[in-house]
Amino acid sequence: MKITNVGLNQVNPYKRNQQQAEKAQQTTKTTADQLEISSAAKSMQTKSSIEVEQADRVAAIKADIEAGTYKVDAKQLASNILNYYRI
């Protein structure tokens with residue numbers, strides 16, 4: 001009886017295990033994350049001069065309220081309310 005390898009694939013189990021191990025190593029390689037911040041985003045991180053002025057004004061008003069010296073100009077308040085609703 002003659003046995004031939006016709007139609008049969010020769011299987012090397014060691015090579016198959018090695019290939020599976022290599023595939024596993026390739027999939028588990030870590031990639032480094034990168035972050036790039038645009039110039040527009042960088043400019044948003046700093047406070048503008050308007051925000052600084054508003055914060056100073058709010059702090060001054062809070063101090064006046066706590067001290068009891070804050071006075072409301074009724075005419076100016078009424079004018080601002082009317083202008084707000086006219087728009």
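The figures that follow rest on heavy atoms only: side chains count, while hydrogens, waters and symmetry mates do not. Along the sequence shown, residues carry numbers from 1. Nothing here was measured: the structure is a model prediction, and the numbers come from that model.
- Put simply, the side chain of Val72 reaches to within 4.5 Å of the side chain of Tyr70, judged on heavy atoms.
- Interatomic distance, Ser39 OG to Met44 CE, rounded to the nearest 0.5 Å: 10.0 Å.
- Both Ile65 and Leu77 belong to a common hydrophobic cluster when Ile, Leu, Val, Met, Phe, Trp and Tyr are linked at side-chain heavy-atom distances under 4.5 angstrom.
- The CD1 atom of Ile81 sits 10.5 Å away from atom CD of Gln76, with the distance rounded to the nearest 0.5 Å.
- Put simply, CD on Glu53 and OG on Ser49 are 5.5 Å apart, with the number rounded to the nearest 0.5 Å.
- Expressed to the nearest 0.5 Å, how far CD1 of Ile37 lies from CD of Gln45 amounts to 5.0 Å.
- Interatomic distance, CG of Asp56 versus CD of Gln54, reported as 10.0 Å (0.5 Å rounding).
- When the shell of 6.0 Å around CD1 of Ile50 is examined, it contains 12 or fewer heavy atoms from other residues, nucleotides or ligands.
- A distance of 8.5 Å separates OG1 of Thr46 from CD of Glu51, quoted to the nearest 0.5 Å.
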